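Down below is the structure, laid out as C-alpha cells.
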Amino acid sequence: MEKKENNGITAKLENDPNIIEDGKIDTTVDEEALETSSNMRNLTGWTRYVFMVIAIAGALFHLYILNLNPIDPWVFRSTHLVFGTILGIMLYPGWRTKSNKIPIIDWILIIASIYIGYYIYANLDQLVFRFGVTPTTLDFYVALIGLLLVIEFTRRTSGWTLPILAFVFIAYVFMGPYLPGILNHNGYSLERFVTYVYGLDGVFGVTTDVSSKYIILFIIFGAFLQMSGVGQYFMNVAFSLAGNMRGGPAKVAVISSALMGMINGTSAGNVVATGSLTIPLMKKTGYPSRFAAATEATASSGGQILPPIMGAGAFLMAEITGIKYSEIIIAATIPAVLYFISVYFMVDFQALKSNLKGIPRKLLPDRKQILKQAYLFIPVLLLIVLLVMGRSVIMAGTIGIIASFVISLFNKKTRMGLKDILLALELGMKNALQLIAIVACAGIIVGVIALTGVGQRFSSLLLSIADNNMLLALVFAMAIAIILGMGMPTTAAYAVAASAVAPGLINMGLDPLMAHLFVFYFAVISAITPPVALAAFAAAGIAGTDPMKTGVKAFQLGLAAFIVPFMFFFSPELILEGGSAASTVLAIFTAVIGVYILASAVQGWFFRKTASWYSRVILLAASLLFMISGLFTDLIGLALIIGIILIQKYINKNTNANNRQQAAG
C-alpha cells in the first residue's frame, strides 16, 4: 500500500516541471516570486545602473564606516536614511502604475532627501543644540520635509499600517491638552515637535541606530550567504533531513523557514522566499491548501525568534536594554527550540491523521553530497562562535561576510567573482530598504512617546489595572503587543511595544530581559494573529486559499508561541535564569513534553487515535501543567496523561480501519 501511494506522489511530482529538475526536487528558492510579490519597479536602462551604483556605494559606505572609520552618529544615521530613501523611491512607485519610469516628482523627493542629509552634515554643531529646543525656520522646514519623506518611504515599502499608527501618535501630541486623565499633557508647538522627533530622540534614535549598525550589516551577510550558495544549502539540508519523512514537505518548510527566517528581517518576506517552493510541494503531497499556507506562515514567523540573528530583533533589544547580545541569544535559544518542536509535532500529527507520505528518496538531494558540502555551514557557525565569545556584533557580521565569500571559492558552481560580490552588495541594500523605512517610522512613534511621557503614563495605567497582579499584567501586555504589532513587520512592532509596554512590566518587578523577550515574542506572533496576520496572508496568496481562515489555522499551529512567553515568568530556567543545572534540565524536559501534548490537543490526535473534544481539553490542561516548572504541577500533568491514555485505550474505541491505518503509517 505504501509503495503504491509513494508511486502516486512520485507521479504527481514528476509531472510538474516546475518542481522536478534532472530527476530531483528543484530546491531553488524562487527569488523572482519574492520580487514580484511586492510593488517594485522593474528598472531598466540607465536608471538600473544608477540604482546599482548607489546601492553598491551604500553597502560599501556602511561596511567602511562600521569597520574602519567611525563618524558622528547623527551624520552616519542620516546618511544611512538618505541611501535608503533614494533607493526606496527609485524602486517603489508612489501609486499603482504599469510604468517603470521614475516620474519627476520622485526625482524631486530624491533631491530633497539628499539636501536634508547635507543640511544635517553641514550644520551638525549647531543642530545638536537647536533641534527640539530653539529651531530656526529652516530647521523646521528641513525636519518637516524629512518626516514626510520617512512616512512616504514607509508607505511605499510597507503599506499604510505603520504610517497610520504614526499619524495617530502625532495627533496625540497636539490633542493631549484636550484629553482626560493620564493621557493629558500640556501640548507642544509644531516647530518643537517636528525638530525633536526628527532628531536623535526620534527618527535618528535607537531604532535607526540599530538599523544603520546591525540590520544593514546582517542583511548584507544574508545576501552573501545567498550568492555564495549557503542559503541554497540550507534548503538542500532541510529536504535531505526531512523530505522523505511522513508529511515531508511540511517538515521541510519548518526546518528551512527556521534557517532562512533567522537571517531574514521580515516574516512575510521569509514566507514568500521559501513558501514559493514548500507550499506547492505540501499541496502536491496531500496537505490541504490552508494547512500548507498556515504551516509556512507559522514556521517563517518563528524564524524571527531563532538565534543567533533573530531577524534583527535581538540587535534592537540589546541596544534598548543594554544587555549583552550574547546573553540575549543564549536566553532565547531554548524557547525558540520549544516553538519549533511544537510546530514540528503539529505537522507530524496532521500527516498521521491524513496518512500523508514523504517525498521518495530518489527525488531528494543526495545525502553524500550534502555531507561533502557541510563546510558551507562555516560562516553561520563562525558567527555564532564569535558572538558567544563576546566579540562585537559588527566584527562577527563582517567576518561572516568574508567567510561566505571565501567558502564560495571551494565550489565552481557558486564561486563568487567580482560581479557576484557587487550583486551581493546591491542585493543587501535592496533587501534592507523595507527595514530602513520601518525603523525610521517607528522612530517617530518612539520620539512621541519620549516627548510626551506617555510611556511612563502607560506603565502607571498598566500597574493600576493589574493591581500588582503580574499574571494579569502579562495578559494585558500580551494583548497590547499583539494589537500594536498587527500589520507591522517584527522590528517595528517590537520597537513600539518595547517603548509602550516593557517599562510597565519592569516597574512591576519583572527582569528586564524577561520583559523584553516577552514583548518581542508577541510582536513576532502578531504576524500570524488574525484579523491582520501579514505572514499568513502572504502564504495564503501563494496557496490560493482564504487569507482569514489561513490566519486562524496559523494561530492554532503557533499556539505554543502564545504560551512559551508566560513560561519565562513561571519557569525562568527556560531562559537560563535562576535554578540549578538539574532543575534547568528538568524544566526543559517537561517543557518538551508539554509542547508535544499541546500539539496533540490542537490536532486532536493522541495515542494513535483521534481524540474526543473532552480529551483535547484535558490534554491542553496537562500541557500547561508540564510547561510550568515544578514537581507538583508535573505530577498532576502526568496523572492527567495517564487518564487520557486509559480513555483512548478503553473508552475511545470508535476507531475505524482508516484510523488504524493512519496510526500504522
Side-chain angles (χ1 to χ4, degrees), residues 27-32 34-35 40-71 76 79-80 82-84 86-88 90-91 100 212-236 260 263-265 269 273 309 372-383 386 393-433 435-436:
T27 60
T28 305
V29 175
D30 190 353
E31 296 297 336
E32 288 187 7
L34 179 58
E35 295 199 4
M40 293 183 186
R41 290 188 177 107
N42 182 23
L43 299 177
T44 56
W46 67 272
T47 54
R48 168 74 184 90
Y49 290 106
V50 169
F51 179 90
M52 181 175 65
V53 169
I54 295 173
I56 293 170
L60 291 174
F61 166 79
H62 284 87
L63 293 174
Y64 172 70
I65 297 299
L66 289 173
N67 289 283
L68 300 174
N69 186 27
I71 59 177
F76 180 49
T79 308
H80 168 74
V82 168
F83 271 114
I86 293 171
L87 295 171
M90 289 183 71
L91 191 61
N100 288 311
S212 61
K213 288 199 299 190
Y214 306 132
I215 293 177
I216 186 71
L217 180 67
F218 278 86
I219 291 181
I220 293 173
F221 174 51
F224 270 80
L225 288 179
Q226 180 180 319
M227 294 299 296
S228 64
V230 177
Q232 187 59 52
Y233 181 68
F234 285 169
M235 293 295 294
N236 291 337
M260 299 292 285
I263 59 174
N264 190 308
I309 300 174
K372 287 181 181 179
Q373 295 180 320
Y375 61 86
L376 289 170
F377 271 122
I378 289 176
V380 176
L381 293 175
L382 188 61
L383 174 73
L386 289 171
V393 176
I394 292 171
M395 174 187 172
T398 304
I399 290 177
I401 291 171
I402 296 170
S404 298
F405 165 69
V406 173
I407 287 298
S408 75
L409 301 178
F410 292 89
N411 189 327
K412 290 183 179 180
K413 291 183 179 180
T414 60
R415 185 172 295 162
M416 294 180 69
L418 177 60
K419 182 180 178 181
D420 297 311
I421 293 172
L422 295 177
L423 286 174
L425 292 170
E426 181 193 5
L427 181 63
M429 282 300 295
K430 187 177 181 180
N431 289 346
L433 294 179
L435 284 172
I436 293 172

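Every heavy atom of this structure was used, including side-chain atoms; hydrogens, water molecules and symmetry mates were not. In this text, all values refer to a predicted model and were calculated from it rather than measured experimentally.
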| task | I would like to know whether Leu217 and Lys213 meet side chain to side chain contact (heavy atoms under 4.5 Å, CB included); could you show each step before the answer? | result | CA-CA 7 Å; Leu217 180 67; Lys213 288 199 299 190; over 6 Å; no
| request: Can you measure from OG1 (Thr79) to NE2 (His62) and round to the nearest 0.5 angstrom? | output: 8.0 Å
| field | Within-4.5 Å side-chain heavy-atom neighbours: Val393 and Leu386 | value | no
| query | Can you name the closest pair of heavy atoms from Lys430 and Phe51 and give their distance? | reply | CG-CZ, 4.4 Å
| query | Can you name the nearest heavy-atom pair linking Pro379 to Leu225, along with the distance? | reply | CB-CD2, 4.0 Å
| request: Output the distance between atom CG (Leu427) and atom CD (Gln226), rounded to the nearest 0.5 Å. | output: 5.0 Å
| Can you check whether Phe224's main-chain N or O pairs, donor with acceptor, with Ser404's side chain at less than 3.5 Å? | no
| request: Work out which heavy atom in Ala59 is nearest to a heavy atom in Ile220; give both atom names and the distance. | output: CB-CD1, 3.9 Å
| field | Minimum heavy-atom distance between Gly58 and Met429, given as atom pair plus value | value | C-SD, 3.9 Å
| field | Ring geometry between Phe221 and Phe218 (parallel below 30°, tilted from 30 to 60°, perpendicular above 60°) | value | perpendicular
| Tell me, which pairs form a side chain to side chain donor-acceptor pair (under 3.5 Å) where one or both residues lie in residues 40-57, sequence neighbours left out? | Arg41-Asp106, Arg48-Glu426
| request: Please say whether more than 12 non-hydrogen atoms of neighbouring residues, nucleotides or ligands are located less than 6.0 Å from CZ in Phe410. | output: no
| Less than 4.5 Å apart, any side-chain heavy atom of Gln232 and any of Thr414? | no
| query | Parallel, tilted or perpendicular: which describes the rings of Phe83 and Phe61, with under 30° parallel and over 60° perpendicular? | reply | tilted
| query | Just wondering, do Leu433 and Leu91 contact through their side chains at under 4.5 Å, heavy atoms? | reply | yes
| request: I would like to know whether Leu382 and Ile399 meet side chain to side chain contact (heavy atoms under 4.5 Å, CB included); could you show each step before the answer? | output: CA-CA 8 Å; Leu382 188 61; Ile399 290 177; 3.4 Å; yes
| request: Would you mind reporting whether Leu63 and Leu425 have side-chain heavy atoms less than 4.5 Å apart? | output: yes
| Does the side chain of Val230 reach to within under 4.5 Å of the side chain of Phe377, using non-hydrogen atoms? | no
| query | So which heavy atom on Met416 is nearest to which on Ser228, and how close? | reply | SD-CB, 3.8 Å
| query | What's the shortest heavy-atom distance between Asp420 and Arg415, and which atoms? | reply | OD2-O, 3.3 Å
| field | Asn67 side chain reached by Met395 side chain, heavy atoms, under 4.5 Å | value | no
| Between CD1 of Ile407 and CD1 of Ile378, what distance do you get to the nearest 0.5 Å? | 4.0 Å
| query | What distance do Ile216 atom CD1 and Leu66 atom CG have between them, rounded to the nearest 0.5 Å? | reply | 9.0 Å
